[in-house]
Amino acid sequence: IIKKFERFRSDTKIIFDLYMTTINSEGYKEIKNCNLVQIMEGLYKTLGMPKMELRDILIYYFNNSKSSKKILTRKDKRKVKDPNNTPIFIYKANNHRNYLSHLNLKQNKNVFYKLENIYAYWKLNMCIRLYILEYLSISYEDEKIPKYVKEVDDWAKKNKLRFSARVNS
């Protein structure tokens with residue numbers, strides 16, 4: 001397993017190191033979520049995948065495997081009325097990265113806000129972890145994924161978390 005991780009680290013340049021730093025350091029979830037989305041894009045590109053827009057890369061990750069498809073709930077998959085009919089979680093993740101990376105002030109209504117950042121952090125981090133494990137062919141307990149997703153969703157319900165977005169004109 002160690003050899004697999006060493007090879008993965010080499011293949012992904014510094015992206016894996018950035019991921020480990022992001023998840024193991026203190027910091028604002030707003031910044032961590034921006035970093036996680038950027039890391040997803042970087043992993044995708046460094047592993048030689050076909051060229052895609054960030055929105056499509058995010059969709060790829062959350063549809064990559066049977067397990068990653070379980071991470072987003074029906075609520076997360078509600079479509080935003082944008083030209084691409086993008087799922088709201090993907091729409092906000094994409095805009096969150098653009099808002100903080102490019103200081104695009106037009107995106108500020110469509111980013112993760114307050115407690116949404118904690119929710120998004122859990123989902124983005126789980127998606128990346130599953131992707132790395134599957135990429136390296138390392139087994140994990142797939143049956144625990146729905147339990148984890150339910151715990152996150154229950155937390156969201158308890159905290160009355162509601163996603164909304166307004167498509168920028």
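- Atom CG in L161 sits 6.5 Å away from atom CG in L115 (nearest 0.5 Å).
- The distance from atom CD1 of I128 to atom OG1 of T22, rounded to the nearest 0.5 Å, is 8.5 Å.
- With K158 contributing its side chain and D153 its backbone, the two residues share no donor-acceptor pair below 3.5 Å.
- For the pair E116 and K92, the tightest heavy-atom approach, listed with the atom from each and the gap, is OE1-NZ, 2.8 Å.
- Separation of atoms SG (C127) and CG (L72) is listed at 7.5 Å; rounding is to 0.5 Å.
- Note: Y135 OH to S65 OG = 15.0 Å, rounded to the nearest 0.5 Å.
- Between the side chains of Y19 and T12, not a single donor N or O lies within less than 3.5 Å of an accepting N or O.
- Contacts classified as salt bridge (Lys or Arg N to Asp or Glu O under 4.0 Å) and involving residues 11-26 (residues at least two apart or in different chains) are given here: R7-D11, R9-D17.
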Chi angles and distances behind the side chain to side chain contact (heavy atoms under 4.5 Å, CB included) call for N85, V80: CA-CA 6 Å; N85 246 357; V80 173; over 6 Å; no
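- Less than 6.0 angstrom separates the ring centroid of F89 from the ring centroid of F62.
- A donor-acceptor pair is defined here as one N or O able to donate and one able to accept, closer than 3.5 Å; such a pair exists between the side chain of K4 and the backbone of L136.
- The backbone N or O of G42 sits less than 3.5 Å from a side-chain atom of T46, completing a donor-acceptor pair.
- Listed for the Y44 side chain is no donor-acceptor partner under 3.5 Å among the backbone atoms of M52.
- In this structure a side-chain-to-backbone donor-acceptor pair under 3.5 Å is present from R78 to K75.
- In this structure the side chain of M126 never reaches within 4.5 angstrom of the side chain of S68, judged on heavy atoms.
- Annotation for I14: atom CD1 does not count as buried by contact number, only 12 or fewer foreign heavy atoms lying within 6.0 Å.
- Side-chain atoms of D56 and Y60 include no donor-acceptor pair closer than 3.5 Å.
- Contact record, K123 with I71: NZ-O, 2.7 Å, taken as the closest heavy-atom pair.
- Within the 4.5 Å cutoff, the side chain of I118 has no heavy atoms near those of the N159 side chain.
- The nearest pair of heavy atoms linking I59 to I90 is CG1-CG2, 3.9 Å.
- By the 6.0 Å contact criterion, CD on E151 is enclosed, its count of non-hydrogen atoms from other residues, nucleotides or ligands being greater than 12.
- By the neighbour-count criterion of 12 heavy atoms within 6.0 Å, atom NZ of K150 is sparsely surrounded, having that number or fewer from other residues, nucleotides or ligands.
- A 6.0 Å sphere centred on NZ of K114 holds no more than 12 heavy atoms belonging to other residues, nucleotides or ligands.
- Looking only at side-chain heavy atoms (C-beta outward), R129 and I23 come within less than 4.5 Å of each other.
- The two atoms that bring N95 and N110 nearest to each other are CB-O, 3.2 Å, heavy atoms only.
- The two residues E30 and H96 come nearest to each other via the heavy atoms O-NE2, 2.8 Å.
- A side-chain donor from one of E134 and Y140 sits under 3.5 Å from a side-chain acceptor of the other.
- Between the side chain of N125 and the main chain of Y121, no donor-acceptor pair closer than 3.5 Å is present.
- Contact check for K77 versus T73: no side-chain heavy atoms found under the 4.5 Å cut-off.
- Geometrically, K160 does not engage Y119 in a cation-pi contact defined by less than 6.0 Å to the ring centre and at most 45° from the axis.
- With rounding to the nearest 0.5 Å, the separation of CD1 in I57 from NZ in K51 is 9.5 Å.
- R97 CZ to L36 CG: the interatomic distance, rounded to the nearest 0.5 Å, is 13.0 Å.
- Two residues are said to be in side-chain contact when any heavy atoms from C-beta on lie closer than 4.5 Å; L124 and N33 meet this criterion.
- L18 places none of its side-chain heavy atoms less than 4.5 Å from the side chain of N35.
- Across every non-hydrogen atom of K79 and P87, the tightest pair is NZ-CG, 3.9 Å.
- At least one side-chain heavy atom of F8 sits under 4.5 Å from a side-chain heavy atom of L43.
- Using a 30° and 60° split on the angle between ring planes, Y131 and Y61 fall in the perpendicular class, above 60°.
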